[in-house]
Amino acid sequence: MTLSMTGFATRKGQGAGHGWTWDLRAVNGKGLDLRLRVPDWIDGLEAGLRTELGRALGRGNVSLSLKVARDAAGEGADGLRINPAALAAVLRALGEVEAAAMAAGVTLAQATAADVLAVRGVLDLTAADEDTAPLRAAILADLPPLLAEFNAMRAAEGAALAAVIAAQLDRIAALTTAARTEAEARREASAAALKEALAKVIANADGVDEARLTQELALIAVKNDVTEEMDRLTAHVAAARDLLAESGPVGRKFDFLMQEFMREANTLCSKAQALSLTRIGLDLKTVIDQMREQVQNVE
């Protein structure tokens, strides 16, 4: 299955008294570049996320954003803490005041909880240090579903890429067959032209070493033979189709194969010696260049 390096996923999670929102997106890249924006107050979270992302992804410029907030239900309890000693002192004081008022025959309004909390020192507004290990574990446990959504999108993009690349490979195979047919058609004509040229040179030159001249013309014929290029293009098409059928990252192998495709197409054009074959070579270069653009997105 071909995977694209382009992908996006977002997800919300909740646990350990907190809620969070993921945002994961990626574009193509030569290697794996992880850029994380996560809360730094959760000990070990970024290291854990980098490890898991490194295992799950092969290539791409990947950006992960994570926003974490306390649950609304637990915010008061976590953000405002009661000082037990101060509360006990206030309640004792209230008891003494009420007893003294009753002894004096004075009726006091009953104090409410809000009155007690308003006394300085009863509420500690400074949040106490907390163990973030449970929160880190809950967040890391929520990462696999996010990656599943992310990879599902990359797989869908990869399937579309594979279809485009497969069509381009079919086009290259058809052009290679056409080039082979054209080369075979011009083989006899090329041989006849060489023999005619040899006969003219021998007839109009004195003291020419016929054996040496024949050898030089044979070398020219070999240099103009494109059979080897056709065979290599055919082999490259087969190798590319095998890569499309593989599972796992194949983008780097495809990058190398694109260079080999273009090298053979360039050699074909340089050896063509015929307008029709040159046109086929140029068409090959066009399709190969288009395929190289698609391959840039393969993981």
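Predicted, not measured: the structure shown is a model, and the values here were computed from it.
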Hydrophobic clusters here meaning ILVMFWY residues chained together by side-chain heavy-atom distances under 4.5 Å, can you tell me if [X] and [Y] are in one?
| X | Y | value |
| --- | --- | --- |
| Met5 | Leu243 | no |
| Val27 | Leu34 | no |
| Ile82 | Leu91 | yes |
| Phe256 | Val298 | no |
| Trp41 | Leu36 | yes |

Worked verdict on Leu146 versus Leu64 for side chain to side chain contact (heavy atoms under 4.5 Å, CB included) = CA-CA 11 Å; Leu146 176 73; Leu64 173 67; 4.2 Å; yes

Identify the two heavy atoms, one from [X] and one from [Y], that lie closest to each other, and give their separation to 0.1 Å.
| X | Y | result |
| --- | --- | --- |
| Leu268 | Ala179 | CD2-CB, 4.3 Å |
| Val287 | Gln168 | CG1-O, 3.7 Å |
| Leu161 | Ser4 | CD1-CB, 3.9 Å |
| Lys285 | Met262 | O-CE, 3.7 Å |

ask   = Tracing side-chain links under 4.5 Å among I, L, V, M, F, W and Y, which residues wind up in one group with Phe8?
value = Met153

key: Any donor-acceptor pair under 3.5 Å from Arg35 side chain to Asn61 backbone   =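 Not confirmed, Arg35 side chain does not pair with Asn61 backbone.
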
Any side-chain donor near an acceptor of the partner, Asn266 and Arg263, under 3.5 Å =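 No - no donor-acceptor pair under 3.5 Å links their side chains.
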
request  = Would you check if there is a donor-acceptor pair between the side chains of Glu182 and Ser276 at a distance under 3.5 Å?
outcome  =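 On atom types as modelled, these side chains qualify, holding a pair under 3.5 Å.
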
key: More than 12 heavy atoms of other groups within 6.0 Å of Arg292 CZ   = yes

message = Exactly one of Leu135, Thr132, Asp40, Ile139 should register a side-chain contact (heavy atoms from CB on, under 4.5 Å) with Leu45. Which one does?
response =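 Going through the options one by one, the only one that passes is Ile139.
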
ask   = Can a salt bridge be assigned to the pair Arg180 and Asp231 using a cut-off of 4.0 Å between side-chain N and carboxylate O?
value = yes

